[in-house]
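The analysis underlying the following values was restricted to heavy atoms, covering all of them including side chains, and did not include hydrogens, waters or symmetry mates.
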Amino acid sequence: MATSNSVTRKRKQFSIVEKIEFIDKIKASQSRTSIIKELGVPEGTLRGWLKDEEKLRTAISEMDTPDQKRKRFKGANDTELDKAVITWFTQARTEGMPISGPNIQHQALKFNKMLHPENNSFEGSTGWLRNFKHCHGIKQVTIRGEERSADTEAAEAYPEELRKMIEDQGYIASQVYNCDETGLYYKMLPDKSLAQSSDNKKTLGFKQSKNRLTALLCCNASGTHKLQPLIIGKYEKPRCFHHVNLKTLPVHYDFSSNAWMTGAIFEDWFHKKFVPEVRKYLRQKKLPLKALLVDNCAAHPKDLKSRDGQIVRGMDR
């Protein structure tokens, strides 16, 4: 069998940017023959590029950032809608507004209703969103973040120390409680957003609203007793509850100037809320009236205990 020495080569694909560069060389009076030799393509291919020059330049102008690898460019089916959405997107991101995919879809539906009230077929589907993001070079970025380090040695030693304390005092799971605090920044925006590749400030943060509430949650180890949450606000009598008796809410409410937990609030909660509710639960379950509260905040008052000394706050982590 005769073996051919010729090698079939895969035809090279050129990006839109590369095609424009070669067109510019021709317009600068560079020899077509030298360009064809450099490209390694038939002359007809080069003629096709010249014929499509206007289309190629339009494609480049519609890219938010020239993609050095993109070989083809497909414009939006509805250019009017596409322009309205990307204009809104760019303006919102300039103002620092985090934007998610569903935000874009919702806005697209609104614009479509305004621009084409008779067209009810547009759904702003995930496929449309994917094409829109690809067309405009939009990707998800993290605007800001925080890193926290942990004392791993103390964390590893704590379970054994706690186990020993529980065994020594003879507590069962229903008598061991844990409480922890969490903050609810109810006006804070997300820390992730979609952004265009061409946006040089896409990862810069912006001033966030610090309006918050603090919630203290508490439960026993068996999960059979969950205490009413303690909510800490900034005001003694919040305006939104001016017509409501705060004592009728399904939570205990307290306040501080910055809506943070304080030693005084925690001590008051321990004696007036935690101890009475735990005693009531233990009586209902016919268990010994003793309990251990495990608390992981060293800033809380230490050595708290009920008057009879049977319900105590345990060691810090």
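- In this structure, the separation between NZ on K237 and NE2 on H242 is 12.5 Å, given to the nearest 0.5 Å.
- With sequence neighbours excluded, the residues that form a ring-ring contact (aromatic ring centres under 6.0 Å, His included) with F122 are W128.
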Worksheet entry | I86 and I138: CA distance, side-chain angles, deciding distance, side-chain contact (heavy atoms from CB on, under 4.5 Å) verdict | CA-CA 10 Å; I86 193 60; I138 295 174; 4.2 Å; yes
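- Counting heavy atoms from C-beta on, the side chains of L162 and L292 come closer than 4.5 Å.
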Worksheet item: Under the side-chain contact (heavy atoms from CB on, under 4.5 Å) criterion, do F89 and N103 qualify, and how do the steps go?
Response: CA-CA 10 Å; F89 180 90; N103 293 150; over 6 Å; no
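- Checked against salt bridge (Lys or Arg N to Asp or Glu O under 4.0 Å), E236 has no partners two or more places apart in sequence or in another chain.
- Residues L184 and Y235 do not share a hydrophobic cluster, clusters being chains of Ile/Leu/Val/Met/Phe/Trp/Tyr side chains in contact below 4.5 Å.
- Sorted by first and then second residue, the side chain to side chain donor-acceptor pair (under 3.5 Å) pairs with a member in residues 105-114 form an empty list; sequence neighbours excluded.
- Residue M261 comes nearest to L216 through the heavy atom pair CE-CD2, 4.0 Å, listed as atom of the first residue, atom of the second, then distance.
- In this structure, the separation between OG1 on T262 and CD1 on I232 is 6.5 Å, given to the nearest 0.5 Å.
- Hydrophobic clustering (side-chain heavy atoms under 4.5 Å, transitive across Ile, Leu, Val, Met, Phe, Trp, Tyr) keeps L227 apart from L217.
- When the side-chain contact (heavy atoms from CB on, under 4.5 Å) test is applied to E123, no partner is found at least two apart in sequence or on another chain.
- Considering CG of N178 and CG of D295, their distance stands at 8.0 Å, rounded to 0.5 Å.
- Contacts of K272 classified as salt bridge (Lys or Arg N to Asp or Glu O under 4.0 Å), with partners at least two apart in sequence or in another chain: D268.
- Taking both residues in full, the closest heavy atoms of G101 and L129 are given as CA-CD2, 3.7 Å, listed atom of the first, atom of the second, then distance.
- Proximity of P238 to Y253: side-chain heavy atoms (C-beta onward) are separated by under 4.5 Å at one or more points.
- With sequence neighbours excluded, the residues forming a ring-ring contact (aromatic ring centres under 6.0 Å, His included) with F266 are W269, H300, listed by chain and number.
- S306 contributes a side-chain N or O that, together with a main-chain N or O of I311, makes up a donor-acceptor pair within less than 3.5 Å.
- Across R212 and Y185, no two heavy atoms sit closer than the pair NH1-OH, 3.0 Å.
- A heavy-atom distance below 4.5 Å is found between the side chains of L293 and C218.
- Take S121 and apply the side-chain contact (heavy atoms from CB on, under 4.5 Å) test, not counting sequence neighbours, and it matches N119.
- Residues satisfying the salt bridge (Lys or Arg N to Asp or Glu O under 4.0 Å) test with K164, not counting sequence neighbours, are D168.
- Rounding to the nearest 0.5 Å places CG of L246 at 10.5 Å from CZ of F255.
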Got a list of side-chain donor-acceptor pairs under 3.5 Å for residues 273-280, not counting sequence neighbours?
unit_1, atom_1, unit_2, atom_2, d
E277, OE2, H252, NE2, 2.7
R279, NH2, D308, OD1, 3.2
R279, NH2, D308, OD2, 3.0

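- L81 and A108 make their closest contact through CD1-O, 3.6 Å (heavy atoms, listed as atom of the first residue, atom of the second, distance).
- For W88, there are no ring-ring contact (aromatic ring centres under 6.0 Å, His included) partners two or more places apart in sequence or in a different chain.
- Legend: side chain to side chain donor-acceptor pair (under 3.5 Å) pairs involving residues 215-227, not counting sequence neighbours, sorted by first then second residue: S174-S222, Y177-H225, N220-S222, N220-T224, S222-T224, T224-Y281.
- A 6.0 Å sphere centred on NZ of K290 holds more than 12 heavy atoms belonging to other residues, nucleotides or ligands.
- For E80, the side-chain contact (heavy atoms from CB on, under 4.5 Å) test picks out D78, L115, H116, with sequence neighbours left out.
- Under the 4.5 Å side-chain criterion, counting only non-hydrogen atoms from C-beta, W260 is not in contact with I265.
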Fill in: Candidate pair Q175 and I166, rule side-chain contact (heavy atoms from CB on, under 4.5 Å), full reasoning
CA-CA 10 Å; Q175 296 170 308; I166 292 174; over 6 Å; no
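- Nearest heavy-atom pair across G124 and L109 is N-CD2, 4.1 Å.
- Closest heavy-atom contact between P301 and R313: O-NH1, 3.2 Å.
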